[in-house]
Structure formats: C-alpha cells, structure tokens
Protein chains: 6
Amino acid sequence: MPAIRLFGLPTDINSSFERGAAAGPAAIRAALFSERGNMASELGAEIGTDIAFTDDGDLQLTENTSQDDAAIRRHVVMLQEDGEVPLALGGDHAVTFPLVEAAATGFGPVNILHFDAHPDLYDDFAGNPRSHASPFARICEAGHAARLVQVGIRTLNRHCREQVARFKVEVIPMADFTPDRVPVLDGPLYISIDLDGIDPSAAPGIAHPEPGGLTVREVLAVLHKQTAPIVGADIVEHHPGRDVGDVTAILGAKLVRELAALIDRNGTYKN
Amino acid sequence: MPAIRLFGLPTDINSSFERGAAAGPAAIRAALFSERGNMASELGAEIGTDIAFTDDGDLQLTENTSQDDAAIRRHVVMLQEDGEVPLALGGDHAVTFPLVEAAATGFGPVNILHFDAHPDLYDDFAGNPRSHASPFARICEAGHAARLVQVGIRTLNRHCREQVARFKVEVIPMADFTPDRVPVLDGPLYISIDLDGIDPSAAPGIAHPEPGGLTVREVLAVLHKQTAPIVGADIVEHHPGRDVGDVTAILGAKLVRELAALIDRNGTYKN
Amino acid sequence: MPAIRLFGLPTDINSSFERGAAAGPAAIRAALFSERGNMASELGAEIGTDIAFTDDGDLQLTENTSQDDAAIRRHVVMLQEDGEVPLALGGDHAVTFPLVEAAATGFGPVNILHFDAHPDLYDDFAGNPRSHASPFARICEAGHAARLVQVGIRTLNRHCREQVARFKVEVIPMADFTPDRVPVLDGPLYISIDLDGIDPSAAPGIAHPEPGGLTVREVLAVLHKQTAPIVGADIVEHHPGRDVGDVTAILGAKLVRELAALIDRNGTYKN
Amino acid sequence: MPAIRLFGLPTDINSSFERGAAAGPAAIRAALFSERGNMASELGAEIGTDIAFTDDGDLQLTENTSQDDAAIRRHVVMLQEDGEVPLALGGDHAVTFPLVEAAATGFGPVNILHFDAHPDLYDDFAGNPRSHASPFARICEAGHAARLVQVGIRTLNRHCREQVARFKVEVIPMADFTPDRVPVLDGPLYISIDLDGIDPSAAPGIAHPEPGGLTVREVLAVLHKQTAPIVGADIVEHHPGRDVGDVTAILGAKLVRELAALIDRNGTYKN
Amino acid sequence: MPAIRLFGLPTDINSSFERGAAAGPAAIRAALFSERGNMASELGAEIGTDIAFTDDGDLQLTENTSQDDAAIRRHVVMLQEDGEVPLALGGDHAVTFPLVEAAATGFGPVNILHFDAHPDLYDDFAGNPRSHASPFARICEAGHAARLVQVGIRTLNRHCREQVARFKVEVIPMADFTPDRVPVLDGPLYISIDLDGIDPSAAPGIAHPEPGGLTVREVLAVLHKQTAPIVGADIVEHHPGRDVGDVTAILGAKLVRELAALIDRNGTYKN
Amino acid sequence: MPAIRLFGLPTDINSSFERGAAAGPAAIRAALFSERGNMASELGAEIGTDIAFTDDGDLQLTENTSQDDAAIRRHVVMLQEDGEVPLALGGDHAVTFPLVEAAATGFGPVNILHFDAHPDLYDDFAGNPRSHASPFARICEAGHAARLVQVGIRTLNRHCREQVARFKVEVIPMADFTPDRVPVLDGPLYISIDLDGIDPSAAPGIAHPEPGGLTVREVLAVLHKQTAPIVGADIVEHHPGRDVGDVTAILGAKLVRELAALIDRNGTYKN
C-alpha cells in the first residue's frame with residue numbers, strides 16, 4: 001500500500017478577488033489533529049493505525065510563482081521517487097498546476113477528477129495566466145491531462161464553454177449531476193477538490209460562494225466509487241477568515257481522511 | 001425576447017416579528033455586481049451580454065402601505081406598457097400583492113408559482129390584513145390568481161389549511177415534495193420566491209428560519225422546467241442583519257440571474 | 001392519546017471535549033415559545049390545540065452523575081405511572097442512559113431508534129464509562145435494548161465496530177443511507193436524537209461537527225414512517241455557544257413539535 | 001471568611017423582547033470550568049485554592065413566577081442560615097427581586113450596587129409588574145433597599161426619571177461616569193450585574209444591546225474599591241444565542257471569579 | 001425648535017472596495033423602530049414625544065451620481081425652505097458632498113464636524129473624483145466649508161497630509177485625541193459621522209475596519225459639547241453584510257436619537 | 001535606517017488548549033496587502049514608500065520543536081548579520097523563545113517589552129516546558145532578558161507570581177495600568193505582542209479570550225513612547241478560526257505597520 005505524505009502550500013497570491021487561502025493548510029491541520037473529531041474514515045481504515053500517513057508541514061513558499069512552482073514540483077518528484085503519494089493542502093487553486101505537472105512527469109498524462117463550482121479554464125484572468133481561475137487551462141495546454149472530468153460546475157460563461165470545447169473537458173454541470181453520471185476513471189488518477197465545489201452551506205470558508213453546489217455525501221459517493229490507483233490529490237481554496245465555527249476546516253480534515261483511505265484502498269499505480 | 005427590469009422595494013413595515021427585510025434589495029444588488037461572482041446563469045445566457053437587463057434602483061417608498069402599493073402598481077404598469085418584465089427585490093412579502101395586482105391588470109388572472117416555508121394565507125395576522133403573512137389571501141380574494149401553486153410549505157396550521165381549501169390553493173408540502181410533483185404551469189406565469197422556502201442552512205439571512213426546506217438545486221429544478229412566458233417575478237424577505245458571510249445575498253443574486261435567464265428563454269406572453 | 005411532558009436536563013459534565021450542552025434546554029425552549037415560528041407540526045396537529053403537552057421546566061441537576069441519574073429515573077418513572085410520555089431535552093448524550101433505563105423499568109427492553117454521527121458505544125472514553133461517548137454501551141450491557149438501530153453514523157473506528165458486533169447493533173452508516181433502509185420498529189419505541197447526526201450545515205450548534213450528515217428532511221422521513229407507540233424520546237447535545245443565528249435551537253424546537261405529533265399520532269403502548 | 005455558593009436561575013419568562021437568558025447559567029458555568037482559562041482573580045485569590053466556593057448547579061424553576069420566587073427565597077434563606085453568601089447566575093433580571101428580598105429578610109434593608117444600561121424601574125412593562133424591566137421598582141416599593149446606586153445607565157426616559165425621583169435612586173448616568181464618582185457603600189452590600197451595563201462590544205451576548213456602555217476595566221475598578229461585607233450578588237441577562245465566540249460567557253465567568261474574590265476579601269457581615 | 005426630517009440614501013456605487021452600504025438606511029431604521037430598544041436620548045428628550053421628528057423613508061436613487069446628487073440637493077433645499085433640518089442615513093460617504101452643498105446654498109459656508117477613520121480628502125481615488133474617499137476634497141474646493149474639523153483620523157498618508165495642508169483642515173488624529181481637544185464650533189454647523197471613525201469593536205458593520213478608533217462615549221462627549229445650531233447631519237457607511245448581531249445598526253439608531261436631541265436642544269440657526 | 005524583514009512562523013504544536021494559531025501569518029499577510037486598508041502608519045511613514053520592508057513569506061516548520069527552534073534562530077542570525085531587523089508573525093507564543101535567543105546571541109541580553117493577558121512564565125504547562133505558556137520562563141532562565149516588562153497581565157496565579165518574583169519580572173497588571181506607568185526602555189529592545197493582551201472585543205481571533213484587556217490605543221501609546229533601537233519584534237497567537245469579520249487579522253496588519261514605522265524611526269542599535 002502506498003504511503004501518503006500530507007503537506008501544505010500556504011499561498012494565495014494568484015487569488016483574483018481576495019487573499020486568505022494561504023491560511024488554509026494550518027486551519028485544516030488544526031482540525032485534523034483536534035480531539036473534537038477522530039481519525040476514522042468512512043471507508044473503515046484509520047490514519048495512523050491502518051494507513052501509512054506522514055504530515056510534512058508546509059512548504060516554504062516565496063510569493064514568487066515560478067520559484068514556488070519549482071519548489072512544489074521538486075517536493076512531489078522527491079516523494080514519487082520514494083513511491084509515496086502526495087496529498088497537498090492549498091492555498092489557492094493555482095497550486096494544482098505544478099502538482100499535476102509533477103505527477104505527469106512521473107506517470108505521463110493523468111486522468112483528473114476535479115470538484116469545483118468553476119471550471120478554472122480561463123486563458124488568463126485579469127491578465128494573469130497563472131490566476132487561480134486558470135490552472136486547468138495551463139494543465140490542458142501542456143498535455144498533462146489524459147482526461148479531465150469536472151464535477152460541481154455551475155458558473156460556465158461563454159469563454160469557459162469555448163475552453164471546454166477546445167480542451168475536450170468532460171463537464172458534468174450541477175443541473176444534470178447525479179453521482180451515477182460521473183465516470184469511473186482509470187489510473188493514473190489525480191483528484192483535485194476545490195472546496196467551493198461543495199455547497200456554501202457546508203463549506204462557507206471559501207472566497208467565492210456559489211449556491212447550489214454538491215453535498216458532502218455526493219462528493220463522498222463520487223470518491224468512493226473510484227477504483228483506480230491515485231498518484232496525487234489536493235484540497236484547495238479553504239479561506240479560514242470566512243469560515244463559521246471552523247466547519248470548513250473540519251470538512252477539509254474529513255476529506256484528508258477520506259482521500260487517504262481511498263489512496264490506501266486503491267493501491268499503487270503501476271505502468 | 002422580453003427586456004427585464006430589476007427594481008428594489010425596500011420596505012418591511014408589514015413584517016410580523018422583526019423588521020430588516022427593507023435592507024434586502026441593496027444587499028442583493030451589491031452581491032450581484034460584486035467581482036466575487038460572475039454574470040453567467042446555469043441556463044447558459046449571461047446578464048448584460050445575452051439578456052436585456054436594466055437595474056432601475058429602488059422605488060421610493062413611504063412607510064404608508066396604500067401609497068406604496070399604488071407606487072408599485074404604477075411602476076409595474078409602466079413597464080408592462082413598454083413590453084418589459086418586472087423583476088422585483090423585496091422587502092417583505094407584502095409587496096407581492098401590488099405586484100401581482102398590476103400583473104393581473106395587464107394580463108388577467110395569472111398562474112402563480114410560489115416558493116415559501118409558509119402559505120402566507122392568513123386572513124389577517126395580529127390584526128393586519130396587509131401583513132407579510134397575508135398577501136396570497138388578498139391575491140386570491142381579488143381573483144388575481146388563476147392557479148396558485150405553493151412549494152416548500154412546512155408550517156401549515158388549521159387556519160391556513162382552511163384558507164387553502166377555501167381558495168383552492170395547490171400546496172405541495174415539503175413532506176411530499178420532489179421537483180417532479182410540481183406542475184408545469186401555463187402563462188401568464190408569475191413567480192414569487194420567498195427566500196425562507198429554501199433551507200435555512202442555504203439561506204440564513206431571513207426573519208423566520210424553518211428547518212427542512214428546499215435545497216437550492218430543487219428550486220432551480222422547479223424553475224428550469226417551467227416553459228411558460230413569465231410576466232413578473234419577485235425575490236423577497238432577505239434580511240441582511242441575520243445573514244452569514246453574505247451567502248443569502250449571494251443566493252438572491254444567483255436567483256436574479258436564473259430568473260432573468262428563464263424570462264429570456266421563455267419569451268413574451270401573448271394573449 | 002398519551003399526554004406529553006417536556007423537561008430539560010441541563011448537564012454537560014460528561015462531555016469529552018468541551019462543555020456547553022447544559023445550555024441546550026433553555027435555548028430550545030426559548031425558540032419553541034418564540035413568535036418567530038408557530039406551533040404546527042408537519043403531521044398536522046398543533047401543540048397546545050390538538051396535542052396534550054406540558055413543559056415541566058428543567059430538572060435540578062447536581063454535577064454528580066449518579067445522583068442525577070437517580071433524579072432522572074425518578075422523574076420518568078413518575079410520568080410513566082401517570083400514563084404520560086417523557087420528552088427530554090439534553091444536555092449531553094450521557095442523559096440517555098437513565099432515560100432508557102427508566103423506560104425499560106416500565107416497559108421491559110425497548111426498541112431504540114438512534115440518530116447520531118457517532119455510535120456512542122465506547123466501553124469508556126478517556127477513562128469515563130459514563131462519558132457522552134458511551135451511553136449505548138451501558139444501555140446494551142444492561143439489556144435495556146431489544147433492538148438498537150443507529151442512523152446517521154459516519155465515524156466508526158475499530159473499537160466501535162467491535163462494540164457494534166458485540167451488541168448486535170443495527171447500524172445504517174451514512175454511506176449506505178436512504179430513509180427506505182431504516183426499519184419500521186415495533187413498540188415499545190424509544191427515540192434518541194443527537195443533533196450532530198444531522199449535517200452541521202443545518203445543525204451547527206453542537207460540539208462535534210461531522211460533515212456529511214442527515215438532512216432535516218431525511219430525519220423527518222425516518223420519523224414519520226414509524227408507526228409504533230412511543231414510550232420516550234430525547235433531543236440532545238445542542239450547544240448554543242456554537243450556534244449561528246439560533247438555527248439549531250429552532251431546529252430543536254421543530255423536532256419537539258414533530259416528536260410530540262408523532263407520539264400523539266402513534267398512541268399509547270399496551271403490553 | 002464567608003463560603004460562597006454559586007447557583008443558576010435558568011428562567012426568562014419575564015423577558016420583554018425575546019427569551020434566551022435561561023441558557024445563561026449553563027453557558028457561564030461551561031466557561032468557568034473550561035481549560036481555556038484559569039481560576040485566578042485579579043485580586044489575587046484563586047477559586048478552589050484560596051476561596052471556599054461551591055457550585056450548587058441550577059435551581060429547578062417552573063415557568064410560574066410566584067412559585068419560582070418562593071423557591072429562590074427559600075434557597076437563599078437556607079444559605080444565609082449557614083453563614084454562606086449566595087452568588088446567583090440569571091436568567092433574566094426579574095430574579096433579582098426574590099434574591100434581594102431574601103437578603104433583606106436576613107439582614108434588613110441592603111445597600112445595592114447595580115450595573116445596568118437600564119434602570120429597571122418600570123412600574124410595569126407591557127402590563128407585567130414582574131417584568132425584567134421592573135425588579136428595582138418592586139425592591140424599592142418593598143423597602144428592601146437602604147440605598148440603590150445605579151451605574152452604566154444610558155436609556156432613561158421620562159417614566160423612569162420619575163421613578164428615580166420617587167425612590168431616591170442614586171443614578172450615575174454614563175454621560176457623567178468615572179469610577180471615582182461611584183460611592184463606596186456600607187454593608188450589608190448586595191451587587192447586581194446586568195451584563196448589558198457593559199458595552200456590547202465586550203458583552204454581545206445579551207438581549208438589549210445599548211452602545212456606549214461600561215468597559216470591563218471600569219466595572220472592575222468600581223467593584224474593587226468596594227470594601228463592605230457582601231451578603232449576596234448576581235450576574236444576569238446573559239443570552240448565549242446572541243453571543244460571539246462565547247466571549248460573554250467568558251466574561252460572566254471572570255465576573256464570578258472577581259465577585260468571589262471580593263466577597264472573600266471583604267469578609268462576613270455582622271449586624 | 002427645528003423639526004427633524006430623517007431620510008435614507010441607499011447608494012454605494014462610489015465605494016472603492018466593496019459595495020454594501022446601500023443597505024444601511026433600512027438596517028438602521030429597523031433598529032430604530034425595534035422594541036429591542038427605546039426612544040430616549042442621553043440628553044433627556046425622546047423622539048416622538050419631546051422632539052418633532054419625521055421619517056421620510058429613502059430617496060429613490062438611480063446608480064447615476066450626478067442625477068442622485070441633484071435629487072439629494074433638491075430634497076434638502078425643500079426641507080430647508082420649510083425650516084426643517086435634514087438628518088440623512090447613507091449609503092457611502094460620497095453622499096455628503098451634495099448634502100453639504102445644499103446646506104451651503106441655504107446658509108453659506110458651514111462649519112463641519114467630521115468623524116471618520118479616514119480624511120476622505122483624495123483628489124480622486126482609482127480615477128473617481130466622486131469616490132467615497134473624496135467628498136471632503138470636493139467640499140473644500142467648492143468653498144462650502146468655513147471650518148472642517150476631523151476627529152478619529154488614523155490612516156493619514158502623504159497625499160492626504162498634503163490635502164490637509166492645502167485645504168487647512170483641522171485634523172485631530174487619534175494619537176492625540178481627547179474630547180477636550182475638539183473645538184466647540186459656531187453655527188451653521190454640519191455634522192457628518194462615518195461609522196468607521198468609531199472603533200471596529202463597537203461598529204463592526206463597515207467596509208474598512210481600522211482598529212484604534214473612537215469609543216462611543218468619546219463620540220457622544222464630542223457631540224454633547226457642541227452648542228451651535230445644526231443645519232444638517234449624516235450617519236454613513238453602515239454595511240449590514242459585515243455586521244455582528246445588528247450591533248452597528250443599533251449604534252446607528254442610537255446616533256439618530258442623539259443627533260435629533262442635539263439638533264432640538266441647540267435650536268434654529270439664524271443668520 | 002534598519003531594513004525590516006517580515007516572516008511567518010506557522011506553528012501551533014505548543015498550544016495548550018486548541019491549535020489554530022499556525023494559520024495566523026497567512027491571515028495577517030492577506031489583511032496587510034488587501035486594498036481594504038492602506039500602508040500608512042500613525043507615525044507618518046508608509047511601508048514600501050518611506051520604510052525598507054521585505055516580506056520573506058513563511059519559514060518551513062516541521063512540527064518538531066527543536067528543529068524549528070534551530071531554523072528560526074538560523075533565519076534571525078542571518079538577518080542580523082545583514083543589519084536587518086526581524087519582525088516575526090506567529091504562530092503560538094512558543095516561537096518567542098528562539099527569536100529572543102537569536103537576538104541575545106547577536107546583541108547580548110535584551111530589554112523586552114511584552115504585551116499579554118498572561119505572563120507565560122510557567123515552569124512547564126501540562127508537562128511541556130516549551131508550551132506557549134512558558135517561553136518567558138525559558139528566556140529568563142537562559143539569561144537572555146536584561147529587563148522583562150509585562151503589560152496587559154490579568155491572570156496571575158500563585159505559581160506565576162512566584163516566577164515573577166524569581167525572575168524579577170516587572171509586571172504592570174491591568175488593574176494598575178496606564179500608559180504612563182510603562183517605562184521607556186533602553187536598547188537593545190525586543191517587543192513581543194501576544195494579541196490576547198488586547199481586549200477580546202478588539203482582538204476576538206485568539207485562543208484564550210480574557211476580558212478586561214488593553215485597548216488598541218493603549219498599546220499604540222506604549223509603543224510610540226519607546227525610543228530605543230529595536231532589534232526584533234513579534235506578533236503572535238492570532239487564531240483566524242475564531243476571528244470575526246477578519247478584524248483581528250486587520251489589527252495584526254496594523255501592528256505590523258506600526259512596529260515597522262517604530263523600528264524605522266528608532267534607528268539601528270549600536271553597542
């Protein structure tokens with residue numbers, strides 16, 4: 001079974017509206033280790049007992065995106081060389097580009113399961129091609145995605161619909177969503193969870209609330225049906241300054257447990 | 001395609017428990033025009049690009065209900081004469097009476113799709129026949145409703161059940177609700193959304209939270225299946241003083257976008 | 001029809017993480033009698049009009065668990081002797097042990113329908129066998145449960161799975177839950193609702209938020225399908241200090257109304 | 001040194017605007033015993049180490065004011081007979097009437113130091129002579145107050161100014177307040193702290209916020225300069241449903257420590 | 001004594017960071033008329049009993065600043081011609097320009113007492129000369145201010161210090177502030193209260209929190225020492241979406257009462 | 001003038017009650033660079049214009065205290081060798097030990113001005129000598145403090161009073177505090193601001209609220225009177241999960257500006 005390595009990416013310099021997501025890793029980590037909850041996952045296995053799981057703390061980032069991208073890639077490549085699976089906590093969604101790039105370096109183009117209210121496919125946003133509204137445009141252009149399946153989407157405008165067509169993204173908009181409509185993807189599988197894909201009633205601690213999102217149970221149903229080996233995952237965009245009673249941090253911690261149990265259950269990817 | 005005219009009705013003098021809904025229009029307008037979100041609807045069209053949409057600001061109201069009723073009717077009649085569709089932001093639910101009355105003046109009795117936790121059918125409430133708990137009693141008495149379909153209802157007491165029978169209201173109580181049970185109504189169609197019809201987890205910024213309400217997705221499913229031309233709509237009872245992180249204002253703004261796209265899609269009503 | 005007696009149990013000395021639930025009864029009572037809502041239940045009957053319902057206020061508890069257990073048992077036994085049905089407001093979940101013990105004294109082993117995020121089956125928690133994480137271990141050991149059906153569970157760890165097997169608890173974990181999977185139980189029926197069984201978006205005012213819980217509609221669907229006479233019920237773990245806009249207190253008050261209407265509808269238990 | 005007996009009075013049936021204060025004792029007790037804080041007072045002595053202090057839990061109240069008044073008087077008289085000093089947690093301010101009445105029974109008319117935004121001198125409020133807006137009218141009429149000194153007052157209307165004149169109340173309005181203007185009272189001294197006397201920024205968890213109140217430091221300065229033996233004290237009107245991050249409960253707990261240390265320091269009253 | 005006319009200006013189109021202040025008038029009005037508080041002022045007089053006071057509701061504004069400016073001026077001029085004193089509720093601070101302009105039209109250059117965290121003297125802000133950061137630059141340029149005294153200031157940068165020198169503004173920065181340092185101004189006196197001049201602990205519902213502000217008592221002390229006849233006043237920048245338990249709306253309502261009592265006490269201005 | 005180097009220390013493993021302070025640096029940085037505020041200090045100078053100021057981002061910490069201590073010391077020593085002044089954002093207060101140790105390595109024993117509700121002098125807390133309740137015990141034992149002056153203290157228990165005596169700490173308890181009683185210290189001066197020294201109304205986003213604290217103006221008055229060259233400073237214990245409307249993060253950002261301006265004004269320390 002693969003060992004899982006948790007690390008935080010405390011950066012929000014590519015946020016388009018307001019900063020705050022850099023505080024996400026610390027808030028989720030505090031919830032994960034709080035005695036308010038326990039270490040069990042709904043799949044049965046427990047972190048620290050049944051699952052090999054290490055918390056590396058946060059990477060030291062610099063407010064310079066190209067330096068940070070390089071540091072993130074280096075860290076992931078190092079873990080991959082040890083046969084370990086990275087589980088990253090953002091930070092804003094811009095961090096998914098170097099995370100997936102490193103995965104593709106190790107495994108070739110990956111299949112991506114992406115939870116989000118927004119497609120994050122802008123060619124650029126307000127002039128910034130590395131905006132948190134753009135990582136999947138960069139990933140697709142670079143050929144890092146074999147398939148890109150997007151779940152939770154409910155804000156598609158004309159430009160993003162054009163990008164969906166251009167990159168052959170498989171969007172399952174909320175208006176048509178049921179867990180059954182989400183395909184079971186092959187490995188190597190990468191999972192990216194933007195917490196704003198979930199309904200803001202369940203995840204208020206995010207910068208861009210968009211009502212009408214996924215329930216936590218729908219997210220778990222989509223995750224639990226995935227059987228392919230996972231080569232990387234991230235949970236991004238937690239903005240503690242807008243949270244209510246720490247509930248989004250607690251949700252992030254639950255998703256850490258569920259992703260860890262899923263990575264463990266699905267086993268190691270072999271080319 | 002009909003042009004849509006948004007306007008606010010900042011009044012809460014007919015609120016039975018606590019005032020606050022007069023601040024609703026300004027809060028929803030701020031969310032609608034904030035760069036936190038975008039202008040896309042889930043139906044595809046965008047306000048300002050694909051849909052003719054004008055914001056008229058707020059009507060000047062006076063704390064005198066009969067004067068205010070007259071001003072609201074005048075404004076709606078003026079829009080109707082120009083072939084435009086009124087989309088009103090309350091204020092408390094008492095404003096729906098003059099709004100529907102003006103619609104009935106122009107189009108004859110209308111079919112009404114009404115989202116609410118409460119039937120708002122009180123003969124009077126605490127002695128006030130124009131209470132925000134009574135607009136649909138006034139509408140039915142005046143013969144302005146061809147059909148009245150109520151969705152989200154979960155507080156029926158004996159008096160209101162008697163009023164339901166008396167006025168032949170078609171109530172779909174929450175205990176039996178699925179979107180499939182809501183009929184597709186003919187035009188001329190009027191849509192009234194009291195935000196407390198939605199579950200208070202998704203819409204906390206209202207005066208009368210009643211757990212067990214509609215999800216945002218259920219509201220959108222009911223709306224999107226309506227195909228008849230729409231002659232008027234309102235979104236009422238947002239009380240910003242009880243909101244959490246502006247999420248109810250953001251929801252109100254999303255419903256403005258979805259109603260505008262629906263009015264646009266369903267086209268102009270012709271007798 | 002049985003008369004219903006509401007009483008509060010303001011104690012939280014057996015809470016494992018933080019105190020606060022002792023304030024629950026007063027907060028729920030204030031919501032129940034507030035003019036913000038009304039007295040109707042979704043089953044149709046109204047407290048005070050159609051249902052015999054008395055509020056006894058709070059029992060005087062002492063911060064000494066064995067004394068408090070005795071006081072709770074005495075109060076319930078007294079009500080039972082008068083043919084009345086106890087409806088208790090916690091306090092933390094530890095109070096369910098004396099409540100069920102008294103019911104079993106009167107009626108023999110009871111069938112228990114238990115809503116919770118956690119199974120509360122710890123042999124002891126942090127050395128406390130009367131912890132709020134342990135009442136159902138004590139109930140099962142004592143032979144007070146004919147059947148124990150648990151709904152909403154989403155935190156099972158190894159120890160608790162072992163306890164489930166040992167006590168033959170019927171757990172319906174959230175990952176498999178639909179209301180249809182919950183059995184209709186025979187009488188004598190006892191119902192225990194830990195508010196954290198409900199999703200924290202709808203019930204934020206609790207000490208241990210666990211995302212992915214029951215919706216309020218799911219709770220009501222499970223309740224409304226129960227047809228057996230009810231001999232006791234409780235609503236526990238409301239922690240007002242973590243509530244948001246009183247919404248959990250309002251939910252607790254709604255559940256009082258729904259349980260009262262259900263007790264009334266299902267009639268008196270006869271051996 | 002006198003032994004101090006803490007007890008809660010969880011009642012809010014005499015609240016004029018909204019209930020909620022019945023949850024106050026549980027919330028303050030949870031804060032007092034939480035490991036978030038410690039047991040030291042600013043006077044130096046610590047509860048449990050240096051000061052004889054017992055928590056009796058809450059009195060069982062009944063929603064019937066005359067019964068409750070009798071129960072409160074009995075409890076206080078019992079403590080007084082043992083030479084102990086009552087320290088009560090409200091509940092709404094109506095409880096101060098039986099508390100002071102019992103003190104006057106034991107010691108004769110008392111000198112009262114009263115912290116509040118409001119004089120609570122209404123002859124009746126909305127027809128209720130036992131309203132939480134009226135306890136000091138009842139106390140004065142009954143002759144239980146040798147002197148009544150009110151601090152924090154900032155809402156005097158004509159009726160209350162007339163009552164001030166009638167009862168010779170010594171009001172130090174906020175507009176003139178400095179701690180130096182508050183007299184040092186003789187014993188037997190009774191202290192009543194309505195938390196809304198403190199500025200709502202420091203005590204948000206109350207039903208009637210009135211900006212421009214006392215700082216916590218000003219309250220402590222007024223308390224610490226009192227040198228007379230204290231025969232009773234109360235802290236009332238905490239409404240946890242409006243609190244923010246439990247800070248008013250934490251403030252209530254701090255005032256428990258400070259009052260206990262003051263009672264201990266000032267010693268036993270002797271006629 | 002002059003009659004006072006309250007009216008709302010629900011506009012926030014000139015807000016530089018985020019909209020929301022347009023909802024201010026409705027929120028303050030709801031607090032003013034709520035039974036949570038009463039109508040007494042600390043000066044003794046009561047609205048509705050001792051003071052002639054009318055609420056005109058909100059002016060109908062249009063999202064077009066020059067049209068809105070004209071409408072505001074017209075309304076004020078009309079009131080002045082009737083010998084009445086305007087008391088306006090913003091809206092963002094941009095509304096103070098037409099308010100003062102109208103006052104100067106009637107009375108010649110006025111003496112202005114201005115409470116604010118910021119001097120609002122930007123020549124323009126982000127290209128907008130009518131920004132809410134610029135009204136006092138426009139007022140000074142137009143010669144409408146005989147004296148401009150600013151209290152609460154704690155964010156002076158170089159540009160604003162240059163504007164202070166250019167316009168001979170009398171700034172009393174927070175670092176030096178005591179109420180004694182504020183001059184008693186002659187009439188005709190205009191008072192403008194930006195709620196962010198007050199400390200954000202007491203006034204959280206504003207867009208630009210700046211710690212270290214005035215206490216409510218300091219504001220009242222400065223107001224109460226003013227003896228000159230007042231020809232106009234405003235309370236601006238309340239943003240209900242950021243408020244906590246309505247406390248800023250309640251503060252705004254208290255300032256309405258205090259300003260009304262002060263206008264009444266100081267009498268009519270005579271050239 | 002010395003150049004200032006800001007860096008974050010996102011760690012909370014030595015927090016005694018609940019984690020969360022690791023998210024502090026990101027939250028304060030987001031507030032500092034938000035367009036909600038500006039870059040001016042009350043001393044006049046502006047960051048980025050008048051003051052040499054660099055943000056280094058966060059140090060990469062490891063959840064291992066001795067490794068982290070070494071990393072912090074290395075970073076500070078490196079800055080000191082370049083003649084730059086470290087300004088650190090915690091994190092919990094445990095980080096002050098390596099920060100001061102590094103300062104003492106460079107400059108010899110330092111004079112420390114320490115703002116806090118608690119003396120943080122525990123010999124150990126719950127068995128942890130590196131607890132956030134103990135850093136000043138470690139600093140004093142190691143001889144790194146020439147003088148230690150503590151301001152804001154209001155929780156002294158017996159053990160801590162003994163430690164005060166043992167280490168000759170100069171405590172100015174809140175009960176006696178005025179800014180005038182704080183001495184002007186000589187250089188080399190180190191300033192440590194635990195945000196819980198400030199009143200929880202102004203700084204709610206902390207783990208251990210203790211009412212009766214310093215106002216922001218009192219903190220600024222004590223800072224501004226210090227004239228000695230500053231060799232290091234920290235702002236610690238911001239816990240965003242408990243913040244309200246980001247106001248504590250905004251306060252932290254203001255203190256960054258004020259400390260930077262003070263360091264700049266007071267100039268470089270020379271032995």
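Chain letters run A, B, ... following the sequence lines, proteins first and then strands; every chain starts at 1.
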Exercise: identify the closest heavy-atom pair between [X] and [Y]:
X       : Y       : value
D:Ala26 : C:Ala23 : CB-N, 3.1 Å
C:Ala30 : D:Asp12 : CB-OD2, 4.4 Å
C:Leu59 : D:Gln60 : CA-NE2, 3.5 Å

Working to the nearest 0.5 angstrom, can you tell me the gap between [X] [atom1] and [Y] [atom2]?
X       : Y       : atom1 : atom2 : value
C:Thr62 : D:Asp55 : OG1   : CG    : 10.0 Å
C:Thr11 : D:Asp58 : OG1   : CG    : 10.0 Å
C:Glu63 : D:Thr54 : CD    : OG1   : 12.0 Å

- Message: Could you walk me through whether D:Glu18 and C:Glu35 satisfy the side chain to side chain contact (heavy atoms under 4.5 Å, CB included) test, starting with their C-alpha distance in whole Å, then the side-chain angles of each, then the deciding distance to 0.1 Å, before giving a yes or no?
- Response: CA-CA 9 Å; D:Glu18 72 180 4; C:Glu35 298 190 5; over 6 Å; no
